[in-house]
Amino acid sequence: MGKIVERANLRWFERLYLPAIWSGFKVTARHFFSWKRSEVYGKEQAGFELKATMQYPEERWTVPTGYRGAPYLVSDQDGHTKCVSCQLCEFVCPPKAIKIIPPGPAGKSADRPNAEKMPAEFEINMLRCIFCGLCQEVCPEEAIFLQKDYSLTGTTRAELIYDKEKLLALGGTHGGIQKWKHKLDEAKEQETFPLKD
Amino acid sequence: MDWINNLIAGLSAGQQLALFSLLKILAAIFLVLLPIVAYTVLVERKVSAFIQDRVGPNRTAPPFIKYLPVIGPLLQRLGIFQPLADGLKLFLKEDFSPSHVRTIYFWLAPVLAMVPALLTIAVIPFGSKLGAEKMVIADLNVGILYTFGIVSLSVYGIVLAGYAANSKYPFLGGIRSSAQMISYEIAMGLSVIPVFMMVGDLNLGAVIDYQAKHGWFILYAPVSFAMFLVAAFAETNRLPFDMPESESELVAGYNTEYSSMKFGLFFMGEYAAMVAVSGMMVTLFFGGWTLPFWGLDQPATSLLLSAAHIGVFLGKTLGLLLLFIWVRWMLPRFRYDQLMDLGWKRFIPLGLANIVVTALVLLLLNRN
Amino acid sequence: METTLFYIFAALTLLFGFLCVANPFSRNPVTSAMFLVLTMISISGLFILLQAFFLAAVQILVYAGAVMVLFLFVIMLLDLKEAEHTHVRKVALVTGLVSVMGLGVMLVLSIAGSGIVEAPAKRAIGDTKLLGQLLFSKYLLPFEIVSVLLLVAMIGVILLSRKEAK
C-alpha cells in the first residue's frame, strides 16, 4: 500500500519560505567558498587542486579490468598472428564492423608452423564497432581482445578503418597456449613413437 | 575634434536627435548589452560550477594568448574566451528547419523573443550625462508603462514558438509558459505602483532624482521590491519558476526544434530579458546610477564622473544578475499550481494591500 | 515630419486592418490575430502623434499585450480548421451591404461636418496626472461603472467555468 507521508504543519514564518531561502543560501555559499580537494582523485591531483572535475588530458582515469575498449588483434610469444581467419567474429559482429578476406586456396599460408591459414585482409571499422565484446567471446583462437583504448579519433572516416597491420601493432602480445605448435609437436612425437612389436 | 563639432552644429535639431539616438542605440546594444549577455552566460557557468564543486570552462583560449607570460594562463583558467567560442559555434552550426513546422512562425518566434528584451533597455538610464547628452536612449515621461507594455509583448515569442512546432508537447509547454508570464505581469505592475505614488512622476529619471534626494526605495518599499523580484524571476522563466522550461529538458519543450542562430536568439533573449529586468530593478529600487557618497548623486559634470556613474549602474546590475544566477542553484523548482497560486491568489491581494497602505501613509504624512 | 508619420501610421493601420480580415498568406486564424496585433501597435503610434503618451503605452500594454495574447490562446486551443465555404444567403448579403453603406455615410458626414483642425493638440503637461485627476473628479461615475462592468464580467467567467458541484 502507499506510504502516508506526514507533512509537518508549517508556522506562518516558515510558510513565507524565508527560512528555506536562508538555509539554501548557507549551503550554496559553503560550497562556493570551499576550495576543497576532490576526494576521488586525491593524491593524483597534485597541481590541480580543486573540485570534482578531472582535468582530462593532463589527468586520466584508471581503466578498470574488464573494460571493453577497442578490439585489437594479438600476436603470440613468437610474434606471429594468432588469427586463423575462421571468420566467426565477422559473422557474430552485430554492426558488421569486421571485414575479413580469407586467403583462399592460392593465398599466402600462415606465418606460424602448422596453422592452416591466416587472414589476407582483416579490417575493423572503428566507427561501426559498438564495443560489445562478442568477437572476443566467440574467437576460438584467443586472437582478438577488447583492450583498454577508449579514445579513438581521426579526421576522416578512412582513417578509422584499421587494417591488419595496425591492429596487430596496437594489439600487443598475448602468449598463452600455442595449440597448433603443441599439436605439431605431438604429431611429430607420434611419428617416432615406438609401436609394440 | 572641431570638424565633428561643426558637423553636428550644421544639422537641425531633429537630425541631431536622430544621430545621437542612433549612436546611443548602437553603443547600448553592441557595447553594453550583448557583451553583458555573453559574459552572463559565462558567469553563470562558472558560478554554478563553483557552487556544485566543479570548475566550469577553463580551457578555451586563442593559440597566441596561452603563451603570454602571466595573463595568458589566468585568462584561460577564467574561461574568458569561452563566450567567443560559443558564439562562433552558434553561427557555424547547421540551421535546420524540420519539415513539419509552420514556417513563418518558426522564423518569427525567436525574433519576437529577443526584440522586446532589447527594446526594454531603451528607457533605462545607464548614467547621468556624457557631455550634453543624457545617458538614456529615450527619456519617456511614461517610462515605466512603456516597459510593462514591451514586457507583455515578449509573451508572443513563447506562444508562437510553441505553436510553430506543430506538435502537442512544445505547444502545451509554450502555453503554460506564457500563462505563467501573463499572471506575473499583473503582480509586477501592482508592485511598483507605491514607488510611483511616492515619486509622483512616471519618468524614470525623476525616480532616480527622488532616490538621490531621499534615499533608495528598497528602504521605503521593501515589500514592493520583494514582489517585483519574484515577479521578475517568473517573467524571465528562471528557476524557481522554470517549470515550462524544465519540461523542455525532459520532454520536448518549446525550443527543441530550433538550432543554431534561432536557438541562440532564444537563449540570448532570455539573458537579455534578465539584464533588462535587473536594470529596471536597479533604477527603481537601488538608486540607478547614484551612490550616496563621493558626490556621485548629482548629474555628471566631467567625463570621469560620467564614466563613474555608468560604472556604478553596471556594477549594481551585475550584482542583481549574480543574485539571479545564485538563486537558480539555491532553490528547488516550484510546481506549476504552486506558481499560479502564488501569482494570482497571494501577490494580487498583497500588491493591492501594499498600495492601500502606502496611500494611507502618504496621506497621513502629507497632512502634517 | 509629423504629417509624414501620420500618413505612415494611418496607412499601416488601414493596411493591417484589411489584412487581418482578408489576407492572401494563409487561411489560418492565427495570422489574422497577428495582423490585429500590428493594427493595435499602429493605432498606438497614432496616439503618440496626438501627444497622448499614456494612452499609447496603455494601448500596447492592455490590448496588444494582454487581450490579443488571450485571443491567440483561444484560437490555438480551439484548433479551428480553415473556414469552410458556406453558402451565402441573399438576405445576409443585402443586410450586410446596407449596414456597411449606412456606417460609411455616417462616417463621411461626421468628418465633413467637423472641420479638420490645423494644429495638433498641445501636450498637456503631466498628461498622466491630468488624466488621473479627471478620472477621479469629473468622470468618477463612468469610471466606477466601468469597474463594476469588468467585475461583473469576471464573476460571470468564474461562474460559467466552475464545475457543477454534485
Side-chain angles (χ1 to χ4, degrees), chain B residues 12-15 17-18 102-105 108-109 112 116 119 123 138-160 162-166 168 171-172 174-179 181-183 185-186 188-189 193 196-197 199-203 206 344, chain C residues 1-2 4-5 23-31 33-38 40-41 43-45 47-48 51-80 123-133 136 154 158:
Chain B
S12 73
Q15 286 171 329
L17 180 65
R102 296 178 207 259
T103 325
I104 187 166
Y105 297 116
L108 191 62
L112 283 181
L119 284 177
V123 281
D139 195 16
L140 298 179
N141 52 350
V142 285
I144 193 68
L145 281 181
Y146 168 86
T147 308
F148 286 140
I150 301 294
V151 161
S152 50
L153 283 183
S154 64
V155 180
Y156 279 107
I158 312 257
V159 164
L160 289 178
Y163 183 65
N166 220 1
K168 282 184 299 220
F171 177 60
L172 285 176
I175 294 280
R176 280 165 68 144
S177 171
S178 41
M181 287 172 82
I182 295 178
S183 322
E185 272 166 28
I186 305 177
M188 226 172 166
I193 289 181
F196 291 100
M197 278 163 63
V199 175
D201 193 351
L202 288 176
N203 188 352
W344 290 98
Chain C
M1 177 70 165
E2 285 193 12
T4 325
L5 278 177
N23 66 325
F25 303 120
S26 89
R27 306 293 306 254
N28 201 352
V30 174
T31 315
M34 296 306 291
F35 277 124
L36 194 57
V37 173
L38 287 171
M40 305 288 181
I41 297 182
I43 293 181
S44 125
F47 279 140
I48 294 181
Q51 313 282 349
F53 304 116
F54 180 81
L55 210 52
V58 167
Q59 168 93 358
I60 296 211
L61 182 84
V62 170
Y63 259 116
V67 171
M68 289 311 300
V69 171
L70 293 174
F71 265 40
L72 268 183
F73 270 26
V74 170
I75 294 177
M76 289 181 196
L77 286 172
L78 283 185
D79 192 22
L80 301 167
R123 181 177 79 168
I125 308 296
D127 82 306
T128 313
K129 210 170 189 173
L130 198 60
L131 191 68
Q133 280 172 346
F136 281 99
M154 272 200 283
I158 294 177

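First the proteins, then the strands, lettered A, B, ... as listed; each starts at 1.
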Top of C:Leu61, C:Val37, C:Ile60 for chain B proximity - count of heavy-atom pairs under 4.5 angstrom: C:Leu61
Determine the option with the most heavy-atom pairs under 4.5 angstrom with chain B, choosing from C:Phe73, C:Phe54, C:Phe25. C:Phe73
Measure distances from [X] to the heavy atoms of chain C and classify the residue's part below 4.5 Å as side chain, backbone, both or neither.
{"X": "B:Val159", "result": "both"}
{"X": "B:Ile144", "result": "neither"}
{"X": "B:Ile175", "result": "both"}
{"X": "B:Phe148", "result": "both"}

Interface moiety of C:Thr31 toward chain B, non-hydrogen atoms closer than 4.5 Å: both
Checking heavy atoms, do the side chain of C:Met68, its backbone, both or neither come under 4.5 Å from chain B? both
With chain C as the partner, which of B:Ser152, B:Ala179, B:Gly189, B:Gly200 has the greatest number of non-hydrogen pairs under 4.5 Å? B:Ser152
State which residues pass side chain to side chain contact (heavy atoms under 4.5 Å, CB included) with C:Ile43; sequence neighbours excluded, sorted by chain then number. C:Thr13, C:Thr39, C:Phe47, C:Gln59
Nearest non-hydrogen partners of [X] and [Y], listed with the distance:
{"X": "B:Asn141", "Y": "B:Asp201", "answer": "O-OD1, 4.4 Å"}
{"X": "B:Gly157", "Y": "B:Leu112", "answer": "CA-CB, 3.8 Å"}
{"X": "B:Ile158", "Y": "B:Met181", "answer": "CG1-SD, 4.1 Å"}

Would you give the length of the straight line joining atom CG of C:Leu5 to atom CD1 of C:Ile48, rounded to the nearest 0.5 angstrom? 10.0 Å
C:Asn28 and B:Tyr163: side chain to side chain contact (heavy atoms under 4.5 Å, CB included), yes or no, with the steps? CA-CA 12 Å; C:Asn28 201 352; B:Tyr163 183 65; 3.2 Å; yes
Write out all pairs satisfying salt bridge (Lys or Arg N to Asp or Glu O under 4.0 Å) with one or both partners inside residues 141-156 of chain B, taking only residues at least two apart or from two chains. none
